[in-house]
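To start, the structure under review is shown below, and the notes come after it.
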Amino acid sequence: MNEILDLSIEVIRQQGVAGLNLTTVARLLGVQPTALYKYFPSLMAVYDALYRRAENEVLHEVESAVASAEPGMAAIRDAMLAVDRWATANPEMAQLLIGRPIPGYIPAPDALDPSIRILEIFRFTLDQAVVRKQLDPGASGTRHVLMLAALMTGASTLRMLHADEPPCQADIEGLIPDLVGMFFKAFSPGNVEPLGPDRAGA
């Protein structure tokens, strides 16, 4: 199964995420396409396995970054930088995670389990920032976790889109620390933007 997934990534690197097909993978593996169905019942199942593998890699990077950083703001910054480094090293898989490059494809619920764990880690680090008085108590809800996710994926997407433009890369590389700084300035104690009654409990 791992060999099939490895070859699938090679095909994606040559033909794009939406260009993956089991016939090409089978040819590279030296078997008939029907032989692959012993391991994966469909092309969508291969995408799910690739999605799950990529998310587990990101989860490992986030866990390692948080474990080795100071709790709170530093842990959030280092975790976001770790995700960005992974996305830079794995642009094809990052496209699968960040966007929806495959028409009609929605990850299976179990393929999203690592994603849920990543969001839980970011929520935990926000809670730590509140405890350390780096953030206002109201800034550790789900809405703020999603804000961090938007900042992170936005910066990583910019990097992927401009991978062949060195002048842009120099500026993009410093975006995440700057964005994290803006986030903490906006939601520092006494400087929290009102969320409104419908969002205050998020």
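Note that the coordinates shown come from a computational prediction; the quantities given were computed from them, not determined experimentally. Sequential numbering from 1 along the given sequence is applied to the chain's residues.
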Checklist entry - Under the 3.5 angstrom rule, does the side chain of Y47 hit a backbone N or O of I106 as a donor-acceptor pair? => result no

Checklist entry - Quick one: CD on E70 to CZ on R132, what's the gap to the nearest 0.5 Å? => result 5.5 Å

Item to check | Side chains of I12 and L50 in contact at under 4.5 Å (non-hydrogen atoms) | outcome: yes

Checklist entry - Distance from S115 atom OG to L59 atom CG, nearest 0.5 Å? => result 9.0 Å

Next on the checklist: When you compare the side chains of S140 and R123, does any donor N or O come within less than 3.5 Å of an acceptor on the partner?
Outcome noted: no

Checklist entry - Nearest heavy-atom pair of V17 and E92: which atoms, and what distance? => result CG2-O, 3.5 Å

Next on the checklist: For F187 and H144, take the angle between the two ring planes, folded into 0 to 90°, and tell me which bin it lands in: parallel under 30, tilted 30 to 60, perpendicular over 60.
Outcome noted: perpendicular

Next on the checklist: Going by the rule side chain to side chain donor-acceptor pair (under 3.5 Å), which residues pair with D6 if we only count those two or more places apart in sequence or in a different chain?
Outcome noted: R53

Next on the checklist: Any non-hydrogen side-chain atom of N2 less than 4.5 Å from a side-chain atom of Y39?
Outcome noted: no

Next on the checklist: Are L135 and F124 linked, directly or through intermediate hydrophobic residues, by side-chain heavy-atom contacts shorter than 4.5 Å (ILVMFWY only)?
Outcome noted: no

Checklist outcome for this item: On a heavy-atom basis, the closest approach of P189 and K133 is CG-O, 3.6 Å

Checklist entry - For F122, does its backbone N or O pair with a side-chain atom of T125 as donor and acceptor, under 3.5 Å? => result yes

Item to check | In one Ile/Leu/Val/Met/Phe/Trp/Tyr side-chain cluster, 4.5 Å: I98, I116 | outcome: no

Item to check | Validation row: V25, N21 side chains within 4.5 angstrom (heavy atoms) | outcome: no

Checklist entry - Atom OG1 of T24 and atom CG of L7: how far apart are they, to the nearest 0.5 Å? => result 11.0 Å

Checklist entry - Is Y37 reachable from V11 through a run of hydrophobic residues whose side-chain heavy atoms are each under 4.5 Å from the next? => result yes

Item to check | Worked verdict on L126 versus L148 for side chain to side chain contact (heavy atoms under 4.5 Å, CB included) | outcome: CA-CA 10 Å; L126 281 175; L148 287 175; 3.8 Å; yes

Next on the checklist: Using the rule that Ile, Leu, Val, Met, Phe, Trp and Tyr join whenever any side-chain heavy atoms are under 4.5 Å apart, tell me whether M147 and V62 fall into a single cluster.
Outcome noted: yes

Checklist entry - Do M1 and L28 sit in the same hydrophobic cluster, where Ile, Leu, Val, Met, Phe, Trp and Tyr count as joined when their side-chain heavy atoms come under 4.5 Å apart? => result yes

Checklist entry - Going by heavy atoms in the side chains, are L36 and V31 under 4.5 Å from each other? => result yes

Checklist entry - How long is the gap from CG on D48 to CG on L96, to the nearest 0.5 Å? => result 9.0 Å

Next on the checklist: Using the rule given for side chain to side chain contact (heavy atoms under 4.5 Å, CB included), can you reason through L179 versus M182, listing the C-alpha separation, both sets of side-chain angles and the distance that settles it, and then say yes or no?
Outcome noted: CA-CA 5 Å; L179 291 171; M182 290 171 58; 4.3 Å; yes

Item to check | E57 side chain near M93 side chain, heavy-atom distance below 4.5 Å | outcome: no

Checklist entry - How close do Y51 and P107 get, heavy atom to heavy atom, and via which atoms? => result CE1-CG, 3.5 Å

Checklist entry - Any idea which heavy atoms bring A129 and M73 closest together, and the distance? => result CB-N, 4.3 Å

Checklist outcome for this item: Hits for side chain to side chain donor-acceptor pair (under 3.5 Å) against R13, two or more places apart or cross-chain, chain-then-number order -> E10

Checklist entry - CD of E120: more than 12 outside heavy atoms within 6.0 angstrom? => result yes

Checklist entry - Do D78 side-chain atoms and A69 backbone N/O form a donor-acceptor pair below 3.5 Å? => result no

Checklist entry - How many angstroms lie between atom CD1 of I102 and atom CE of M44, to the nearest 0.5 angstrom? => result 6.0 Å

Checklist entry - Side-chain contact, heavy-atom cut-off 4.5 Å: R77 with L81? => result yes

Checklist entry - Which distance, rounded to the nearest 0.5 Å, do you find between the CG of N90 and the CD of Q95? => result 11.5 Å

Next on the checklist: Would you say that V46 contacts L22 through its side chain, given a criterion of any heavy-atom pair below 4.5 Å between the two side chains?
Outcome noted: yes

Checklist entry - So D84 and T88, side chain to side chain contact (heavy atoms under 4.5 Å, CB included) or not? Walk me through it. => result CA-CA 6 Å; D84 185 60; T88 301; 4.2 Å; yes

Checklist entry - Between the main-chain N or O of L20 and the side-chain N or O of Q15, is there a donor-acceptor pair closer than 3.5 Å? => result no

Item to check | Minimum heavy-atom distance F40-A49, with the two atoms named | outcome: CE2-CB, 3.6 Å

Checklist entry - Quick one: are F184 and I76 in side-chain contact, heavy atoms under 4.5 Å? => result yes

Item to check | R52/E55 ion pair, N-O < 4.0 Å | outcome: no

Checklist outcome for this item: Tightest non-hydrogen contact, residues M80 and I176, listed as O-CD1, 3.6 Å

